[in-house]
A.B. asks: 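Have a look at this one.
These numbers were taken from a predicted model, which means no experiment stands behind them. Atom set for the values below is all heavy atoms of this structure, side chains included, hydrogens, waters and symmetry mates excluded.
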Amino acid sequence: MTELTQADRLAKARAMREAGVDPFPARGVAAQPIASITSRAGSVEAPGPAIGERVTVAGRMAVPRDFGKLIFAPLFDRTGRVQIGFQRDVLGDWWPRRKWLDAGDLIGITGEVGRTHKGELTIWAREVQLLAKSYAPPPEKWHGLVDIEQRYRRRYVDLWATDGVMEVFKKRSKIVSTIRRFLEAQGYLEVETPTLHPIFGGAAARPFVTHHNALDCDFYLRIAPELYLKRLIVGGLERVFEIARNFRNEGLSPRHNPEFSMLELYEAQADYRRMMELAETMLETVALEVNGTTKVSFRGRDYDLKAPFQRVRYTELFREHAGCAFDDQPAVRRRARELELADPGNYWKLMNDVFEATCEEHLIGPVFCTDYPVAICPLAKTNPEQRQLAERFELFLGGMELGNAFSELNDPEDQEQRFAEQVRSKDPEAPGEVDIDYVQALEYGMPPTGGLGIGIDRLVMVLTGQDTIRDVLLFPAMRPSAASDVAPAAT
RNA sequence: GGGCGCAUAGCUCAGUCGGUAGAGCAACUGGCUUUUAACCAGUAGGUCGUAGGUUCGAUCCCUACUGCGCUCACCA
């Protein structure tokens, strides 16, 4: 036992066992969802069909209000909350056992649906069953869990103790399932590709490294599923998607968690224009499905996810806000010095730093920023009309990158050269060796393909109005708790 | 990694210009059959994050450490 257990609760459990009652019985009760009862009960003026009905509910009991011979206590399950009324004159033999119950206990109640004098919907208990004793007391009833660290560390408490938390995660689940249905309806196949990668690629990020004992070699936790999914396009699956957990060894921020979920999809015969349409239609559909509206409020600003989204060219945005052409090297370098940007040692990286410093704040959106300089797009096809540009876009909302897409580069020779260039750069975020296996896949022929990535966590942030990524992750990354906080080993 | 801030009862917080601490809720005892942050009376509960230092004396002042929050940096 840990310091969370309260002696009086433990003592009650022992008293129960002595009386032949198991505080942790093997089986639960067949209970109806509370919401199914409250929704049928109607109003005080027009009581619905549930009134008078005998029902069984199960859930966690909140703090009881004790009147001596009458006790009221709220009970809640995953669907809702209802008041339970315990009466001495109804409960008979069970009545003395009421003292065994504490706030936070999991109980099952069978009783009649009714109302109090004040009209509150109440289930008047006839049978009470303790389903599991709660040794640790719930958080303070009015303030709830306010310590942010504790909220994340003890999400299992936060989910029911903090208003709105469960709602966010239910919505997250609905967002993901809506995306699956949307893509399946378009003939997409959901696939799973490796998380352990011998070479990291498909994005620019520092990887986590791990070791496989039997093979005695290092693996990287994937930073993106991209290169495996495109192998499947070579394999002829033609339309694939994966909702992949990616791992990037980077700092934490309100927008970054070291492990995060990314939707990536690839479609043969498509290009980045089709990906734009797919992205905006998908977001519009998901918003309507989970929120009933395309309007969202995020970080104090209102947005409309109704398709089509605005489109703006990277190069035009650059000229407008950076004040020079993206390929005017002397001017861009001058601008970078004015902005006091550190020189990354590579012109195109510097140029993109200037872009981020001057343009991203203007990408309120939802907006597609299109036609990136090809030099910063190692996996995207060159625009046939403008050889300096790639067929690529990023989707922004509120200055935050939500998505990234391009017409996939399928020329193996070109791809090999771009990989080789990355390796030469010695950039810690670029792979250390050319992914020959991927180049070989392209040598068999990959059809013209459009690919799209959407950050699921960030999309959930937008659709649920949460400011930080940690509020849409059930268990956000945190430093392991200090030894003193860890429960001592069982004795 | 840098800066700023926080750490006191199970929870939420107050407090001590340096003399080892209080409230509300939760708990416990008693009362109450219509409350909904129930109420009334009483009881109990704290190595004041950890380790040093200054001091007659530290929860308070100083230093370091640990954890967390905000922020900057990092982050396609």
A.B. asks: Can you see whether A:Y228 has A:R231 sitting over its ring - NZ or CZ less than 6.0 Å from the centre and within 45° of the normal?
C.D. replies: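 Pair A:R231/A:Y228 counts as cation-pi.
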
A.B. asks: Please report the distance, rounded to the nearest Å, between CD in A:E149 and C1' in B:C68.
C.D. replies: 5 Å

A.B. asks: Under 4.0 Å, counting only non-hydrogen atoms across every strand here, what does A:H117 touch: a base, just sugar-phosphate, or nothing?
C.D. replies: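 The residue A:H117 makes base contact.
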
A.B. asks: Rounding to an integer number of Å, can you tell me how far A:R65 CZ sits from B:C39 P?
C.D. replies: 10 Å

A.B. asks: Measure CD1/A:I84 against P/B:U36 and give the value in whole Å, please.
C.D. replies: 18 Å

A.B. asks: Using the P atom on both, measure B:G49 against B:C11 and round to a whole Å.
C.D. replies: 13 Å

A.B. asks: Expected output is a numbered-order residue list: members of residues 5-14 of chain A with a heavy atom under 4.0 Å from any atom of RNA chain B. What is it?
C.D. replies: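 Nucleic-acid contacts, sorted: A:Q6, A:D8, A:K12.
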
A.B. asks: Flag the pair A:T122 / A:I84 as yes when at least one side-chain heavy-atom distance between them is below 4.5 Å, and no otherwise.
C.D. replies: no

A.B. asks: Once you apply the 3.5 Å cut-off to both distances, tell me the Watson-Crick or G-U wobble partner of B:G1, or none.
C.D. replies: B:C72

A.B. asks: With rounding to whole Å, what would you report as the distance between B:C74 and B:C60 at their P atoms?
C.D. replies: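 The answer is 38 Å between these two P atoms.
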
A.B. asks: Hey, which of A:Y303, A:F396, A:F368 is the one that makes ring pair (Phe, Tyr, Trp, His ring centres under 6.0 Å) with A:F309?
C.D. replies: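 Of the listed residues A:Y303, A:F396, A:F368, the ring pair (Phe, Tyr, Trp, His ring centres under 6.0 Å) partner of A:F309 is A:F368.
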
A.B. asks: Is the cationic atom of A:R392 (NZ for Lys, CZ for Arg) positioned less than 6.0 Å from the six-membered ring centroid of A:Y372 and within 45 degrees of its normal?
C.D. replies: yes

A.B. asks: Which one is paired to B:A37, where only Watson-Crick or G-U wobble pairs with both distances under 3.5 angstrom count?
C.D. replies: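 Check on B:A37: unpaired, no WC or wobble geometry under 3.5 Å.
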
A.B. asks: With a 6.0 Å cut-off (strictly less than), is the heavy-atom count around CZ of A:R319, excluding the residue itself, greater than 12?
C.D. replies: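 Counting neighbours around CZ of A:R319, 12 or fewer heavy atoms of other residues, nucleotides or ligands fall under 6.0 Å, so no.
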
A.B. asks: What is the separation between atom NE2 on A:H143 and atom P on B:A14, rounded to the nearest whole Å?
C.D. replies: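 Distance, rounded to whole Å: 11 Å.
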
A.B. asks: B:C65 and B:G5: how far apart are their P atoms, nearest whole angstrom?
C.D. replies: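 It comes out at 16 Å once rounded to the nearest Å.
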
A.B. asks: Write down the distance separating the C1' atoms in B:G30 and B:G18, rounded off to the nearest Å.
C.D. replies: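 My reading of the C1' atoms in B:G30 and B:G18 gives 42 Å.
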
A.B. asks: If you define the side chain from C-beta out and look only at heavy atoms, does anything of A:K12 sit under 4.5 Å from A:K99?
C.D. replies: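 They are not in side-chain contact.
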
A.B. asks: Any chance the rings of A:F24 and A:Y135 have centres within less than 6.0 Å?
C.D. replies: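 Aromatic pair counts; centres sit under 6.0 Å.
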
A.B. asks: How far, in whole Å, is B:G15 from B:G24 if one measures between their C1' atoms?
C.D. replies: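 Approximately 15 Å lies between the C1' atom of B:G24 and that of B:G15.
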
A.B. asks: Does any non-hydrogen side-chain atom of A:R206 lie less than 4.5 Å from one of A:I223?
C.D. replies: no

A.B. asks: Which base sits across from B:C28 as a Watson-Crick or G-U pair, both distances under 3.5 Å?
C.D. replies: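 Paired with B:C28, as far as the under-3.5 Å criterion goes, is B:G42.
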
A.B. asks: Within this structure, what is the CZ-to-P distance between A:R153 and B:G67, rounded to whole angstrom?
C.D. replies: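 It works out to 9 Å between those atoms.
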
A.B. asks: Any base atoms under 4.0 Å from A:W124, or only sugar-phosphate, or nothing? Heavy atoms, all strands.
C.D. replies: base

A.B. asks: Side chains of A:Y266 and A:E264: do they bring a donor and an acceptor to under 3.5 Å?
C.D. replies: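 The answer is yes; a qualifying pair exists.
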
A.B. asks: How about A:Y314 and A:N352: does a side-chain donor come under 3.5 Å of a side-chain acceptor?
C.D. replies: yes

A.B. asks: What is the pairing partner of B:C6, taking Watson-Crick or G-U wobble pairs with both distances under 3.5 Å in any strand?
C.D. replies: B:G67

A.B. asks: Just by protein heavy atoms under 4.0 Å, how would nucleotides 42-48 of chain B read 5' to 3' in B, S and -?
C.D. replies: -------

A.B. asks: Considering only atom C1', compute the distance from B:G10 to B:U20 and round it to an integer number of Å.
C.D. replies: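 The answer is 22 Å between these two C1' atoms.
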
A.B. asks: Map A:V146 and A:A73 onto RNA chain B by nearest heavy atom, then report which one ends up closer to the 5' terminus.
C.D. replies: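 Its nucleotide being nearer the 5' end, the pick is A:V146.
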
A.B. asks: Got a sec: does the CZ of A:R98 have more than 12 other heavy atoms crowding it under 6.0 Å?
C.D. replies: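 Enclosed: over 12 neighbouring heavy atoms sit under 6.0 Å from CZ of A:R98.
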
A.B. asks: Taking the same atom, P, in B:C32 and in B:G45, what whole-Å distance lies between them?
C.D. replies: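 The same atom, P, in both gives a distance of 28 Å.
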
A.B. asks: A:E120 has an atom CD; how far is it from atom P of B:A38, in whole Å?
C.D. replies: 12 Å

A.B. asks: Would you kindly give the CZ-to-P distance between A:F67 and B:A38, to the nearest whole Å?
C.D. replies: 9 Å

A.B. asks: Figure out the CZ/P separation between A:R98 and B:C28, and round it to whole Å.
C.D. replies: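 Answer to the nearest Å: 12 Å.
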
A.B. asks: Which pair of heavy atoms, one from A:K230 and one from A:M446, lies closest together, and at what distance?
C.D. replies: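 A:K230 and A:M446 have their closest heavy atoms at O-SD, 3.7 Å.
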
A.B. asks: Might you list the N or O atoms of the protein lying below 3.5 Å from N or O atoms in nucleotides 70-76 of chain B, with each pair's distance?
C.D. replies:
unit_1	atom_1	unit_2	atom_2	d
B:C70	OP2	A:R470	NH2	3.4
B:C75	O2'	A:E250	OE1	2.7
B:C75	O2'	A:E250	OE2	2.7
B:C75	O2	A:H256	ND1	3.1
B:C75	O2	A:H256	NE2	2.4
B:A76	OP1	A:A204	O	2.9
B:A76	OP1	A:E429	OE1	2.4
B:A76	O3'	A:E401	OE1	2.6

A.B. asks: Please give the distance between the C1' atoms of B:A26 and B:U12 as a whole number of Å.
C.D. replies: 11 Å

A.B. asks: Would you indicate whether A:R14, at its atom CZ, is surrounded by more than 12 heavy atoms from other residues, nucleotides or ligands within a distance under 6.0 Å?
C.D. replies: no

